[in-house]
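This report concerns only the one structure given below.
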Amino acid sequence: MRHRVRWPDEADDVIKGDITAALSYTTPAGGAVVTAVAPCGLGDRDLGTLGFTTSLGFGRKLERIVADPRIALAYHAREHGYSASPAFVLAQGTASVDLTPSRARLEALTPQVEHYLGKVMRGPVWDRLLREYYFERVLVDIAVERVAAWPDLTASGEMSVTGAAWPGPPDPQPPPENGTWPRLDVSRAARQIAALPHRVLAYRGADGFPVMLPVHLAGQDPAGLRLAVPGGLLPPGGRRAGLLAHSYRPQLVGLSTRIFTGWLDVGPRGAVYAPHTTRGFVAPPSKRLLLTSNGLIAKYGLWQARRQGTAARLAQLASEQPAAG
């Protein structure tokens with residue numbers, strides 16, 4: 001049986017208090033993708049588990065998590081949450097995906113969701129509009145293997161680890177066949193990132209779990225974005241990496257998110273990130289407009305997932321994976 005990881009009080013305060021977290025999962029090429037989720041405090045410290053919900057409309061993300069369930073959550077921002085702790089907390093663990101959670105389990109989450117994201121909208125029109133958004137959800141449960149914490153949100157100071165020992169730095173990766181140089185306009189990428197206050201970099205660690213760290217934009221040149229990270233936290237050499245920059249308002253209204261994949265090189269000149277792909281979105285700053293948008297997106301995403309056989313494909317992929325734990 002897996003040893004349960006019971007993280008310290010300060011880490012639990014952060015995990016239970018943050019309104020958003022960064023999620024990272026790995027890619028078949030050995031990279032890491034990082035995006036934002038609303039964990040709503042899901043988890044049980046006594047059981048050593050965390051969790052979050054998502055939608056079948058994000059099939060690519062779910063396929064990659066099922067294929068390699070080693071994922072990580074980084075609690076990196078205190079705005080509009082319930083924790084006053086200055087700590088940066090990284091939780092790594094093995095995910096299991098519940099593709100068909102019961103209505104009772106989803107209903108049981110309502111009080112927690114309302115605590116973080118505001119009252120669930122009810123009524124004939126809202127029930128019809130938001131049925132897929134509220135009740136056609138996928139639950140991701142995480143058996144925590146390791147929790148690392150730093151004294152402040154910049155990840156400065158001494159790291160403390162609960163659970164599995166922190167591994168050594170991963171080896172450099174071979175460069176992609178079509179090169180490591182930026183494939184996007186670096187100046188435009190820098191402007192997009194500079195406008196968003198919360199930034200997290202992710203790469204695949206030596207034991208396969210994603211590692212996430214807060215970064216600051218220190219400049220740019222034709223080689224890419226210059227990133228500032230506390231000394232010694234980034235492994236030397238080149239590797240695939242993901243970058244998330246985002247902002248949000250109370251109850252996650254007015255989201256603005258930019259996600260990159262690219263190539264990270266750490267050498268004598270510091271950390272240079274060459275962006276290769278990007279995507280992003282801006283959500284309405286109105287709760288009613290946000291819910292309307294979410295409801296329509298969820299309807300379309302679920303229709304598309306069913307049309308493409310996403311659920312069946314995920315179930316088949318899950319049946320082919322060895323049992324976790």
Side-chain angles (χ1 to χ4, degrees), residues 1-26 32 34-54 61-62 64-78 81-83 85 87-99 101-102 104-106 108-109 111-113 115-116 137-151 153 155 158-168 200 202 204-213 318 321-325:
M1 178 179 291
R2 180 186 68 89
H3 175 70
R4 293 175 181 173
V5 175
R6 195 177 192 276
W7 46 89
D9 290 344
E10 185 174 26
D12 195 55
D13 177 69
V14 169
I15 289 169
K16 291 296 193 295
D18 280 7
I19 193 174
T20 188
L23 163 70
S24 183
Y25 53 92
T26 60
V34 56
T35 185
V37 296
C40 295
L42 296 182
D44 189 318
R45 179 165 61 154
D46 293 330
L47 296 178
T49 60
L50 296 173
F52 62 92
T53 71
T54 186
K61 173 175 72 177
L62 289 169
R64 287 181 169 171
I65 290 175
V66 170
D68 186 348
R70 293 171 293 187
I71 66 174
L73 290 173
Y75 298 85
H76 64 292
R78 296 295 101 85
Y82 298 97
S83 173
S85 169
F88 178 87
V89 176
L90 174 68
Q92 300 168 317
T94 304
S96 59
V97 179
D98 185 353
L99 295 172
S102 68
R105 188 181 183 194
L106 291 172
L109 299 180
Q112 277 189 258
V113 171
H115 179 62
Y116 294 88
R137 306 289 293 178
V138 172
L139 286 173
V140 180
D141 298 298
I142 306 166
V144 176
E145 304 285 344
R146 177 190 297 120
V147 174
W150 289 263
L153 288 170
E158 185 177 354
M159 174 181 64
S160 63
V161 177
T162 305
W166 189 265
V200 179
R204 183 174 180 173
D207 57 0
F209 287 104
V211 177
M212 284 183 279
L213 296 167
Q321 303 303 313

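Both backbone and side-chain heavy atoms feed into the values below; hydrogens, waters and symmetry mates do not.
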*asked:* Looking at every non-hydrogen atom in both residues, tell me the closest pair between V34 and A22 and how far apart they are.
replied: CG2-CB, 3.9 Å
*Does the E145 side chain pair with the main chain of A164, one donor and one acceptor, at a distance under 3.5 Å?*
no
*OG1/T20 to CZ/F52 distance, rounded to the nearest 0.5 angstrom?*
11.5 Å
_Spacing of C40 atom SG and D18 atom CG [to the nearest 0.5 Å]_ = 11.5 Å
_Quick check: closest heavy atoms across R78 and S85, and the distance to 0.1 Å?_
NH1-O, 2.9 Å
_Show the nearest heavy-atom pair for residues F88 and A74, with the distance to one decimal._
CZ-CB, 4.0 Å
*List for me each residue that meets side-chain contact (heavy atoms from CB on, under 4.5 Å) alongside A77, sequence neighbours excluded, and say none if there are none.*
H198, Y248
*For R70, check salt bridge (charged side-chain N to carboxylate O under 4.0 Å, His left out) against everything at least two apart and list the hits.*
D68
_Set of salt bridge (charged side-chain N to carboxylate O under 4.0 Å, His left out) partners for D13, sequence neighbours left out_ = none
*With a 4.0 Å cut-off, would you call D9 and K16 a salt bridge?*
no
*Check side-chain contact (heavy atoms from CB on, under 4.5 Å) between D46 and all other residues, then give those that pass, not counting sequence neighbours.*
R6, D44
*For T53, check side-chain hydrogen bond (donor to acceptor under 3.5 Å, both in side chains) against everything at least two apart and list the hits.*
R137
_Test item: L109 and L42 side chains (from C-beta on) under 4.5 Å apart, heavy atoms_ = yes
_Partner residues of K61 under the salt bridge (charged side-chain N to carboxylate O under 4.0 Å, His left out) criterion, sequence neighbours left out_ = none
*Main-chain N/O of V113 paired to H115 side chain as donor or acceptor, under 3.5 Å*: no
*Partner residues of A149 under the side-chain contact (heavy atoms from CB on, under 4.5 Å) criterion, sequence neighbours left out*: V89, S160
*Name all residues meeting the ring pair (Phe, Tyr, Trp, His ring centres under 6.0 Å) criterion together with Y116; count only those two or more places apart in sequence or in a different chain, and write none if there are none.*
Y82
_Under the ring pair (Phe, Tyr, Trp, His ring centres under 6.0 Å) test, residues paired with Y25 that sit two or more places apart_ = none
_Non-hydrogen side-chain atoms of L213 and V200 separated by less than 4.5 Å_ = no
*Between T35 and L23, does a side chain to side chain contact (heavy atoms under 4.5 Å, CB included) hold up when you go through it step by step?*
CA-CA 5 Å; T35 185; L23 163 70; 4.2 Å; yes
*Can you list the residues that meet the side-chain contact (heavy atoms from CB on, under 4.5 Å) rule with P8, with sequence neighbours excluded?*
A11, T162
*Between V140, T54, L73, which is the residue that forms a side chain to side chain contact (heavy atoms under 4.5 Å, CB included) with V37?*
L73
*How many angstroms lie between atom OG of S83 and atom CD1 of I15, to the nearest 0.5 angstrom?*
10.0 Å
*Do you know which two heavy atoms are closest between H76 and A21, and how far apart they sit?*
CE1-C, 3.9 Å
*Would you mind reporting whether P39 and Y75 have side-chain heavy atoms less than 4.5 Å apart?*
yes
*asked:* So, using salt bridge (charged side-chain N to carboxylate O under 4.0 Å, His left out) as the criterion, who are the partners of R146 when residues are at least two apart?
replied: D207
*asked:* Return the CG to CZ distance between L47 and R4, rounded to the nearest 0.5 Å.
replied: 5.0 Å
*asked:* Could you check whether any side-chain N or O of R204 sits under 3.5 Å from a backbone N or O of T26, counting only pairs where one atom can act as donor and the other as acceptor?
replied: no
*Quick one: does L62's side chain get under 4.5 Å of V138's, heavy atoms only?*
yes
*What do the steps show when you test V5 against R45 for side chain to side chain contact (heavy atoms under 4.5 Å, CB included), and what is the final call?*
CA-CA 8 Å; V5 175; R45 179 165 61 154; over 6 Å; no
*Results of side-chain hydrogen bond (donor to acceptor under 3.5 Å, both in side chains) for Q112 - residues two or more places apart only*: none
_Interatomic spacing from CG in L90 to OG in S24 - rounded to 0.5 Å_ = 9.0 Å
_Student check: side-chain heavy atoms of I142 and I71 closer than 4.5 Å_ = yes
